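Reckoned from all heavy atoms, side chains included, excluding hydrogens, waters and symmetry mates. All figures in this text were calculated on a predicted structure; none of them were measured in a lab.
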Protein chains: 2
Amino acid sequence: MIDFDDIKKEWMKNPEFVKEYEALEEEFSLVSALIAARSEADMTQQEVAEKMETSQSYIAKLEGGTVSPSMKALKRYAAATGSRLKISFEPTTPQ
Amino acid sequence: MIDFDDIKKEWMKNPEFVKEYEALEEEFSLVSALIAARSEADMTQQEVAEKMETSQSYIAKLEGGTVSPSMKALKRYAAATGSRLKISFEPTTPQ
DNA sequence: AAATATTATGTCAGATATGATATATATAAA
DNA sequence: TTTATATATATCATATCTGACATAATATTT
């Protein structure tokens with residue numbers, strides 16, 4: 001049987017792949033955070049859009065990761081879903 | 001002597017003021033997070049700009065709060081300052 | 001199955017962020 | 001004070017996001 005962890009380990013030797021992989025991970029973290037917030041609020045894209053005073057299609061773009069939203073957009077999304085946006089910069093290397 | 005807390009409490013009865021106050025607080029949190037990350041990395045705006053492949057004036061705009069930066073910009077800022085961007089949506093009302 | 005609701009994709013105009021340059025202001029060093 | 005360093009502001013061209021609409025694709029309900 002195929003062991004994906006082994007394959008991944010092998011691919012991770014390629015710096016190009018690592019870069020892409022990490023970018024995907026970060027993108028996924030934002031997208032999943034958005035969807036989780038809306039799911040938590042039990043709202044449809046249309047409902048969030050109306051509270052944000054924008055269109056459903058734009059919400060789909062945000063959650064689809066096809067745009068890099070501004071802080072302003074994220075704050076409005078948070079407000080619409082009854083949540084609060086928290087951002088922070090965590091050090092990668094100690095000190 | 002003047003008690004600013006009392007003054008604030010009085011002003012907080014005005015919804016318009018409350019809205020503005022909270023917006024200022026959020027703006028400040030981003031700005032201070034940016035500056036803290038750069039201070040932690042002990043870098044100048046010029047140094048961060050070079051690592052981000054942009055200009056020093058743009059960093060000043062970010063830290064001055066005159067723009068609402070995109071996620072892409074914040075991620076590059078984080079990478080340049082040796083940190084990692086963390087974003088989350090915290091529920092304001094329990095449940 | 002059909003009908004409905006929800007989400008995704010495409011296009012376009014207008015708003016805003018980004019990148020670059022120059023310059024002004026502020027802070028620190030000499 | 002002078003000099004150097006760091007940060008802020010102004011303007012402009014370009015890129016990207018945002019908003020709106022239509023429509024396609026998917027999922028859910030009846």
What does B:Q46 touch in the nucleic acid at a heavy-atom separation under 4.0 angstrom: a base, only the sugar-phosphate, or nothing?
-> nothing
B:K75 NZ to C:dA17 C1', in whole Å, measures 16 Å
Here the distance between atom P of D:dC17 and atom CG of A:L30, to the nearest Å, is 12 Å
In whole angstroms, the gap separating P of D:dA6 from CE of B:M43 amounts to 12 Å
State whether B:R38 places a side-chain N or O below 4.0 Å from either non-bridging phosphate oxygen (OP1 or OP2) of D:dT7. yes
Rounded to whole Å, the CD-P distance (B:E63 to C:dT25) equals 21 Å
By nearest-heavy-atom nucleotide on DNA chain D, the more 5' of B:A60 and A:S57 is B:A60
Exactly one candidate in A:K72, A:K51, A:E63 meets side chain to side chain donor-acceptor pair (under 3.5 Å) with A:Y77; the answer is A:E63
B:K72 atom NZ is separated from D:dA15 atom P, nearest whole Å, by 12 Å
Between B:L62 and A:K61, the residue closer to the 5' end of DNA chain C by nearest nucleotide is A:K61
note: B:E53, atom CD; C:dG19, atom C1'; distance rounded to Å ~ 12 Å
OG1 (A:T81) and CD (A:E40) are apart, to the nearest 0.5 Å, by 10.0 Å
Closest to the side chain of B:Y58, out of C:dT6, C:dA17, C:dT21, is C:dA17
Whole-Å distance, B:I59 CD1 to D:dT9 P, equals 15 Å
Quiz item: Is there a donor-acceptor pair under 3.5 Å between the side chain of B:T92 and the backbone N or O of A:G82?
Solution: yes
Nearest heavy-atom approach of A:F89 to B:S83 is CB-OG, 3.7 Å
Between CE of A:M71 and C1' of D:dC17 the distance, given in whole Å, is 15 Å
When all nucleic acid strands are considered with a 4.0 Å heavy-atom cut-off, which category describes B:T66: base, sugar-phosphate, or nothing?
nothing
Side-chain contact check for A:Q45: nearest option of C:dA8, D:dC17, C:dT18 is C:dA8
Quiz item: Is a donor-acceptor contact shorter than 3.5 angstrom present between the side chain of B:Q56 and the base of D:dA8?
Solution: yes
- Assess the side chains of B:Q56 and B:Q45: does a donor N or O sit below 3.5 Å from an acceptor N or O? yes
For a quick check of understanding: with a heavy-atom distance under 4.0 Å over all strands, which category does A:T54 fall into, base, sugar-phosphate or nothing? sugar-phosphate
